[in-house]
Amino acid sequence: MTDDLIRKAAKDLAAAKSVAALTGAGISVESGIPPFRGRGGIWEKIDPSYADIDRFMRNPADVWNVLIKEMKEIIDKAKPNDGHKGLAKLEELGKLNTIITQNVDGLHQMAGNTDVIEFHGTFAWQRCLDCDERCETSKVELTEIPPRCKCGGIYRPEVIFFGEMIPYKALLRSKEIASSCDIMLVIGTSATVHPAAMMPGVAKENGAKIIEINLDETPLTGHISDYLVKGKAGQVMNAILAEMESLA
Ligand code: APR
């Protein structure tokens, strides 16, 4: 079954004029970054309220200690896997234009994709709550928690916490991209957090083919998605690209 779908996806991508991708935490699992939901999900161990902006503002030290410190240790070490590299290859082949990612790990850019919309912000930068001074996360010392700016203000990651608005430019551009692609690859997302999870529906509304790559079914499967290629993102992307090569 999956082999047929690999062949189908390769044919669809080979014929496509403008491919977009929506990615979620699942594409980074093979880089050692745990997902939020499902097997080994972060929210099974940590209360999701730690990702609320009010909880952060009430007690930044607690959120730094419980959530952000561990994220920094994991992301500082993470490298792109075959899933990210497969999307970079699709851009090289002139197939994929834009990735809309819910991930904050910067691995798509590290893999070589040049147009990445960071829908939930980025963990690569911290910003001072008092003077807005920015500092690269990899350069932030954790000798003191929460880490502070030279002015004494507390640093916060430039990610979008629950309860914060999606950056308007990211939202607008994502809708434009979703409205104009002829294929949307939806990779490694549980499609449960809005408005990111709306983007495949926007693409579908505008006539795009929606191809899911995931270990499991999601609310999109059988409704919005044309088909789900079940498997690990890295392995599926390798197989699709190999099949595309054999078609060329
Ligand atoms: N390959 C493909 N898919 C995978 C893999 C893998 N190796 N491992 C896990 N998955 C799938 C899971 O089956 C699940 O459907 O990836 C999905 C991960 O879902 P979530 O952890 O919910 O991640 P995501 O959809 O990105 O979450 C959206 O929620 O907590 C917030 O802001 C956070 O951006 C995040 C948002």
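As the structure lists them, so they are numbered: ligands from 1, and atoms in each ligand from 1.
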>> Phe36: which residues meet the side chain to side chain contact (heavy atoms under 4.5 Å, CB included) condition with it, sequence neighbours left out?
In response: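 Side chain to side chain contact (heavy atoms under 4.5 Å, CB included) check on Phe36 returns Ala25, Ile42, Trp43.
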
> How would you list, by chain and number, every residue that makes a side chain to side chain contact (heavy atoms under 4.5 Å, CB included) with Lys8, sequence neighbours excluded?
Replying inline: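 Here the qualifying residues are Leu5, Asp12, Tyr227.
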
Strictly distance-based, threshold 3.5 Å: is any side-chain N or O of [X] a donor or acceptor partner for the main-chain N or O of [Y]?
X      : Y      : value
Asn206 : Ser180 : no
Asn214 : Gly231 : no
His223 : Leu220 : no

> With hydrogens left out, which residues have an atom under 4.0 Å from ligand 1, given that only heavy atoms count?
Replying inline: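 Residues near ligand 1: Gly24, Ala25, Gly26, Val29, Glu30, Pro35, Phe36, Arg37, Trp43, Gln102, His120, Phe162, Gly188, Thr189, Ser190, Val193, Asn214, Leu215, Asp216, Gly231, Lys232, Ala233.
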
> Does anything in residues 229-248 pair up under side-chain hydrogen bond (donor to acceptor under 3.5 Å, both in side chains), and if so which pairs, sequence neighbours excluded?
Replying inline: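 For residues 229-248, and leaving out neighbouring residues, the side-chain hydrogen bond (donor to acceptor under 3.5 Å, both in side chains) pairs sorted by first residue read Asp82-Asn238.
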
